[in-house]
> 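Got a structure for you, questions after.
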Amino acid sequence: MADPSNRIDIRDVTPAGTFSAWLRHTRQVLSSDVGAGVPCGDCTACCTSSYYVYVRPDETRTRARIPEAHLVSLPRLPPGYLAMGWDENGHCPMLQDGVCSIYQDRPQTCRDFDCRVFPATDIQPVDKPQIAAQAARWRFDYAAPHDLDDHAAVRAAASFLREHADAFTSWAIPTNPNLLAVLAIKASAAFEEAPDRASRESPAEVARAVVAAVRQFDTTV
Ligand code: SF4
């Protein structure tokens, strides 16, 4: 008999949208400032999960709203970027009474964050239990065959990156789950025509195709 604690309560399922439409929009989010527009409802998991929020140098309105004491520079950030950390509870200091106190001027990082990347890639947000709980609630729609094909390509990309990080001679594949999921979305074009290519081609060949797909994505931004 199945463990009843593993059953999904239908009330806990949140529609994530049609997969291909979501993927198209997410690719736009990764290459512009359109923002993810996630239907978060009253979820504040990403504001309460000890994430650094990066703030670009040109986000002047945002910087004016955040007390200087909350902004720090970190190694490996691009020039001019600052980061906002979290309080002793892991909460963003701009979260007040459960609401973002600078919502209209929140950083682009917050506008871009979309925990649907985790179910899209089958990557787990390690050490972020609230994000993991929210991510598990999303359910994509597969109204057309290309929705399934697109999801197969994203999953194949994520799986290859996870299992063959050592096939990339000039790249360090990120271990951060969010960065890894984003990379998989950028790389998924390499698997669109052949989601099973990793079973027919050598890891080095597939890695070259992945690098080409990601470069293509980054140069068309
Ligand atoms: S700035 Fe606002 S939206 Fe961004 S993490 Fe903080 S509370 Fe959340």
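Every heavy atom of this structure was used, including side-chain atoms; hydrogens, water molecules and symmetry mates were not. Indexing begins at 1, ligand by ligand and atom by atom, following the structure's order.
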> Consider only side-chain N and O atoms of Ser188 and Arg27, and report whether a donor and an acceptor are under 3.5 Å apart.
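Yes, a side-chain donor-acceptor pair sits under 3.5 Å.
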
> For Thr18 and Asp147, which I'm curious about, is there any donor-acceptor pair between the side chains at under 3.5 Å?
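Not at all, the side chains of Thr18 and Asp147 share no donor-acceptor pair under 3.5 Å.
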
> Ignoring waters, how many N, O or S atoms from the protein are under 2.8 Å from atom 6 (Fe) of ligand 1?
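For atom 6 (Fe) of ligand 1, the figure is 1.
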
> Is there a path of hydrophobic side-chain contacts, each under 4.5 Å between heavy atoms of I, L, V, M, F, W or Y residues, that connects Val72 with Leu77?
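Cluster IDs for Val72 and Leu77 match.
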
> Any side-chain donor paired with an acceptor under 3.5 Å for Thr220 and Gln216?
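Side chains of Thr220 and Gln216: no pair found under 3.5 Å.
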
> Measuring from atom NE2 of His146 to atom CG of Leu23, what distance do you get when rounded to the nearest 0.5 angstrom?
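So the NE2 of His146 and the CG of Leu23 are separated by 11.0 Å.
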
> Report yes if the side chains of Cys110 and Val53 come closer than 4.5 Å at any heavy-atom pair, otherwise no.
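In short, these two side chains touch, coming nearer than 4.5 Å.
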
